[in-house]
Amino acid sequence: KQEVTQIPAALSVPEGENLVLNCSFTDSAIYNLQWFRQDPGKGLTSLLLIQSSQREQTSGRLNASLDKSSGRSTLYIAASQPGDSATYLCAVDASNDYKLSFGAGTTVTVRA
Amino acid sequence: DTAVSQTPKYLVTQMGNDKSIKCEQNLGHDTMYWYKQDSKKFLKIMFSYNNKELIINETVPNRFSPKSPDKAHLNLHINSLELGDSAVYFCASSPKLQSYGYTFGSGTRLTVV
């Protein structure tokens, strides 16, 4: 059974600082890994999707890396802004499983 | 033009009632899902359907019954609602069963009183 852990559970930084969010998973046989953002009381917005054959994906200020063999992914957000305040969820699509397994999320607060 | 739309957005109902949540996707995806987000914000799979066929039923009480009339729609019917059913229910879709990424709806907040 795939277990996904996100560290830290919460993070508060001043505006402009870079953010580093960590995700680890127990079964390295994954199909892909997806990072989502969830604002309070809202749905999930997909940020980045990394296929198992890829090492990283980038979109604007966001960069996600994937090390499948060690079961880790890291989401980097450069030059954080107050609008980046949200909960960030890591989700793994296992190769032998037709569902996403989610971490509990990292709640980010960017102080102006 | 919402890709995955759920109705209603909010649902407040009394214990023992029966209610339904509807989901529609206009992405042409083959696979649809129901996820439950509990009070601790943890998301867990409930059901998945691929081309109207049930693929996953993740030890959900049989008071919950999904129905997929076609591959663009996946509805969730809940009988005899209990306090513990209060949660946010998310519908999602993906292009294929072994996905190329998931798209989520905005969620239905169910409160049982």
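Numbered from 1 within each chain, the chains take letters A, B, ... in sequence-line order. None of the values given here were measured: they were computed from a predicted structure.
- Contact of Ala91(A) with chain B is not made at all, since no heavy-atom distance falls under 4.5 Å.
- Residue Glu58(B) touches chain A through its side chain alone, counting heavy-atom pairs closer than 4.5 Å.
- A donor atom on one side chain and an acceptor atom on the other are not found under 3.5 Å apart for Ser85(A) and Thr109(A).
- Listed options Gln37(B), Arg109(B), Lys44(B) were ranked by heavy-atom pairs under 4.5 angstrom with chain A; first place goes to Gln37(B).
- Interface residue Lys42(A): only backbone heavy atoms are found under 4.5 Å from chain B.
- In this structure, OG on Ser65(A) lies 8.5 Å from CG on Leu75(A), to the nearest 0.5 angstrom.
- Contact annotation for Leu33(A): neither backbone nor side-chain heavy atoms come within less than 4.5 Å of a heavy atom of chain B.
- Other residues, nucleotides and ligands contribute more than 12 heavy atoms inside 6.0 Å of the CD atom of Gln54(A).
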Does the salt bridge (Lys or Arg N to Asp or Glu O under 4.0 Å) test come out yes or no for Lys71(B) and Asp30(B), once each step is laid out?
-> CA-CA 6 Å; Lys71(B) 73 174 192 177; Asp30(B) 285 348; 2.8 Å; yes
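- Checked against the 6.0 Å centroid threshold, Phe47(B) and Phe64(B) do not count as a close aromatic pair.
- With a 4.5 Å cut-off on non-hydrogen atoms, Ile56(B) touches chain A through its side chain but not through its backbone.
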